[in-house]
Amino acid sequence: FYQNTLTFAPGVNDADGDGNPTVHGSRSRDFRAADAGVSNVDPLTGQFFGFVNSESIEVIDVVTAGAGVEFGRAQGGFARIVQKQGSNDFEGVFEMYYRSDLFDGDGAADNSDLPNPGFDSYQPSVQISGPIVKDKLWYRLSHELISEEDPVNTTTELVTVNTEQWIHSDQITWQVSPRNKLAVL
């Protein structure tokens with residue numbers, strides 16, 4: 001997830017690993033991330049809104065100090081996520097992440113004599129992009145499924161918790177003039 005890469009920037013830390021980083025000691029709710037110019041921060045909680053398919057990201061800019069006026073309404077740092085727009089070349093990417101008790105033991109860091117639960121986690125993703133009209137109109141289709149079975153130690157037994165989430169990010173980009181593009185997400 002893009003939240004994991006933010007901590008590679010100097011001064012950015014995510015000590016609790018929840019995806020809401022701190023910058024130079026600020027509170028985690030003071031960090032603002034914008035995806036395609038739209039804030040990815042919940043105004044009520046200050047936490048991130050949603051995930052972004054990592055294959056759809058072209059650039060992540062992290063500003064930890066000296067931000068311009070376009071980054072208003074935060075006291076900590078800022079991140080700007082720019083997604084791919086498509087190009088005149090066809091591109092297709094498929095990724096598959098897999099986690100299982102076969103590779104990860106009981107997965108719950110449990111050292112007791114409780115029986116190990118079986119679990120599997122899948123994370124397939126696909127991204128396809130290319131031209132609709134060369135040099136004028138492009139598309140990008142990005143889809144990802146996160147299906148996880150996480151083992152949890154309840155002190156009396158090890159159980160698995162199932163979660164499933166889809167991440168969709170589709171875009172059509174039109175070159176309106178030599179200097180302007182219009183993107184529909």
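Values in this document were obtained by computation on a predicted structure and should not be read as measured data. Quick note: numbers below take in every heavy atom, side chains included, and nothing from hydrogens, waters or symmetry partners. One-based numbering along the sequence shown.
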Is it true that [Y] and [X] share a donor-acceptor pair across their side chains at a distance under 3.5 Å?
X	Y	result
Arg140	Gln83	yes
Thr173	Gln175	no
Asn88	Asp135	yes

**Partner set under side chain to side chain donor-acceptor pair (under 3.5 Å) for Asn162, not counting sequence neighbours** =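 Checked Asn162 against side chain to side chain donor-acceptor pair (under 3.5 Å); zero matches.
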**Rounded distance (nearest 0.5 Å) linking atom CD of Gln171 with atom CD of Gln85** =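 The CD atom of Gln85 is 6.0 Å from CD of Gln171, to the nearest 0.5 Å.
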**Asked** In Å and rounded to the nearest 0.5 Å, what is the CG to CG distance from Leu6 to Asn13?
**Response**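 One finds 11.5 Å between CG of Leu6 and CG of Asn13.
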**Asked** For Phe31 and Phe78, which heavy atoms make the closest approach, and how far apart are they?
**Response** CE1-N, 3.8 Å
**Asked** With side chains defined as the heavy atoms from C-beta onward, is the minimum distance between Asp120 and Tyr98 less than 4.5 Å?
**Response**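 Yes, close enough: below the 4.5 Å cut-off.
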**Message:** Check Arg99 with Asp150, please: is the shortest side-chain N to carboxylate O separation under 4.0 Å?
**Reply:**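 Answer for the salt bridge query: yes.
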**Ion pair check, Glu91 and Lys84, cut-off under 4.0 Å** = yes
**Asked** Just wondering, are more than 12 heavy atoms of other shown residues or ligands nearer than 6.0 Å to CD1 in Ile172?
**Response**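 No, the 6.0 Å shell around CD1 holds no more than 12 heavy atoms from other groups.
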**Complete:** For Val93, the other hydrophobic cluster members (4.5 Å side-chain criterion, sorted by chain and number) are none
